[in-house]
Protein chains: 2
Amino acid sequence: MSPRHSAAEAAVTRATIVDHGVARASVEGLEGLTIGTLADELGLSKAGVVGPFGSKEALQLAVLKRATEIFKADVWDPAAELPAGRKRLAAVAENWISHLTRRVFPGGCFVTTAATEWDAREGPLHDAVAAAQGRWLATLRADAEVAVRAGELPRATDPAQLAFELNGVAMSLNQMLVLFDDKKAPARARRAVKRLLGPG
Amino acid sequence: MSPRHSAAEAAVTRATIVDHGVARASVEGLEGLTIGTLADELGLSKAGVVGPFGSKEALQLAVLKRATEIFKADVWDPAAELPAGRKRLAAVAENWISHLTRRVFPGGCFVTTAATEWDAREGPLHDAVAAAQGRWLATLRADAEVAVRAGELPRATDPAQLAFELNGVAMSLNQMLVLFDDKKAPARARRAVKRLLGPG
DNA sequence: CCTACCGATCGGTAGG
DNA sequence: CCTACCGATCGGTAGG
């Protein structure tokens, strides 16, 4: 704890640590975060970094949670006011492509990096990453269901299949951008989305 | 070096280390490999593990190379005799889906894990991973080009676009299998491939 | 391929 | 939120 400072100051310190952790972890992975490196870069002691969280794992969970909030604010929230259905799904897909193309996280899609890092392990990090990704896929599926029921997509469309394929387009785009810096990749992603959702 | 043993024995030791490293790195990542853990699990000393390679990085590069050989033998080689074109591309896609579904690497697609781990960093590992993934995408594109020229795919098909989308299907499949153990994912992947390549 | 060892860094804690 | 410290482990080496 930090008895020499107010709760508000402590919250700022905590947020600073988390934000810096998000940027680093998107590049180095959540396991690549180290308390000592964060402390050096932020001009804090190691005790000052780990104190507000209690453990490295709790810090990693806080970093993951913040990253999902940033993603939601950038990709979902601008489209949230639209009525559910095909048009909202298309708007979300475009926001998603834009999010990845702008490299909001320096290391690319945060949840993809975290999911690939933790998918085959057990523990709280695995569970938190799986929950975050599962919620996102369910969100996509829900709008796809509405779109199919409303006749905005072919009746034979399987909403889970559509979410599966949209996710694949985003993952491939992310890899082309981060691994190869491929400038043509956003156009390819848009073309793939158009094939899945139709024009407009 | 190991002056007390023959070159053949040394090669076996080296291969044992690499094979074990492949299995571990598919779960923990290439950076998650540690010389001490490998030594314990193989009943070797740390010097015995690192000696044949000279450094951890050289060991990581050897592990990555071995993983790409296993992938090629499992996914590409069984289809290599077929004439280039749409049918071979479909056979390779089916082998790829089978490869991921059988969990040949316990942590899922090795190159995807390595690419996500190293995509935003610099150095020999980044370069080796990018080269491996680039070769694979070029292989897919080459067969797509032949297929388009032969009229086996619509003339408007962009071969690079097709490789981009096939890659996305495989990445999404890999995530569904490893993160969620989703038994429906292989069928979804096959359906997506059929939409991209046509039936048969 | 082993023993014995090196300096550096890891996550974390006691006490203020 | 800091100093000072803990045992464990990191990659790697000398010498046999």
Side-chain angles (χ1 to χ4, degrees), chain A residues 1-21 24-25 27-64 117-118 121-126 128, chain B residues 1-21 24-25 27-64 117-118 121-126 128:
Chain A
M1 291 304 155
S2 39
R4 301 198 194 134
H5 303 286
S6 69
E9 286 170 320
V12 169
T13 299
R14 195 190 142 102
T16 302
I17 296 165
V18 170
D19 287 343
H20 197 76
R24 281 201 67 87
V27 174
E28 314 271 0
L30 281 165
E31 197 66 14
L33 287 178
T34 78
I35 295 165
T37 302
L38 284 173
D40 283 352
E41 292 176 356
L42 294 170
L44 295 170
S45 65
K46 290 203 297 172
V49 167
V50 77
F53 306 94
S55 71
K56 176 177 174 175
E57 189 175 75
L59 167 57
Q60 290 170 314
L61 288 166
V63 165
L64 174 63
E117 188 178 5
W118 295 94
R121 306 193 210 179
E122 298 186 337
L125 265 300
H126 166 96
Chain B
M1 291 304 155
S2 39
R4 301 197 195 134
H5 303 286
S6 69
E9 285 170 320
V12 169
T13 299
R14 194 190 142 102
T16 302
I17 296 165
V18 170
D19 287 344
H20 197 77
R24 282 201 65 87
V27 173
E28 314 271 359
L30 280 164
E31 197 66 13
L33 287 179
T34 77
I35 294 164
T37 301
L38 283 175
D40 284 352
E41 292 176 356
L42 295 170
L44 295 170
S45 66
K46 289 203 300 172
V49 168
V50 77
F53 306 93
S55 71
K56 175 177 174 176
E57 189 175 74
L59 167 57
Q60 291 171 314
L61 288 166
V63 165
L64 174 63
E117 187 179 7
W118 295 94
R121 306 193 209 178
E122 298 186 337
L125 265 301
H126 166 97

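Side-chain atoms are counted along with the backbone in the values below, which use heavy atoms only and exclude waters and symmetry mates. Chain letters run A, B, ... following the sequence lines, proteins first and then strands; every chain starts at 1. As the structure is a computational prediction, the values presented were derived from the model and not from experiment.
- Evaluation of the salt bridge (charged side-chain N to carboxylate O under 4.0 Å, His left out) rule for B:E41 yields B:R24 as partners, not counting sequence neighbours.
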Pairs: protein N or O with nucleotides 7-11 of chain C N or O, under 3.5 Å:
from, atom 1, to, atom 2, distance (Å)
C:dC10, OP1, A:T34, OG1, 3.1
C:dG11, OP1, A:L33, O, 3.4
C:dG11, OP1, A:K56, NZ, 2.9
C:dG11, OP2, A:I35, N, 3.0
C:dG11, N7, A:K46, NZ, 3.0
C:dG11, O6, A:K46, NZ, 3.1

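- For A:D19, the salt bridge (charged side-chain N to carboxylate O under 4.0 Å, His left out) partners two or more places apart in sequence, or in a different chain, are A:R66.
- Residue pairs satisfying the salt bridge (Lys or Arg N to Asp or Glu O under 4.0 Å) criterion with at least one member in residues 42-59 of chain B, sequence neighbours excluded, are absent.
- Between B:A47 and B:P52 the shortest heavy-atom distance is O-CD, 4.5 Å.
- Formation of a donor-acceptor pair under 3.5 Å by the B:E28 side chain with backbone atoms of B:A25 is not found in this model.
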Atom pairs and distances, side-chain donor-acceptor, residues 29-36 of chain B, under 3.5 Å, sequence neighbours left out:
from, atom 1, to, atom 2, distance (Å)
B:E31, OE1, B:Q60, NE2, 3.3
B:T34, OG1, B:T37, N, 3.1
B:T34, OG1, B:T37, OG1, 2.8

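- Atom CG of A:L42 sits about 9.5 Å away from atom OG1 of A:T13, to the nearest 0.5 Å.
- What separates CG of B:D40 from P of C:dT3 is a distance of 12 Å, to the nearest Å.
- Contact detail for A:F53 and A:A58: the closest heavy-atom pair is O-CB, 3.4 Å.
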Check: Under a cut-off of 3.5 Å for both distances of each Watson-Crick or G-U pair, what dot-bracket string does DNA chain C give, using [ ] for crossing pairs and | for inter-strand pairs?
Finding: ||||||||||||||||

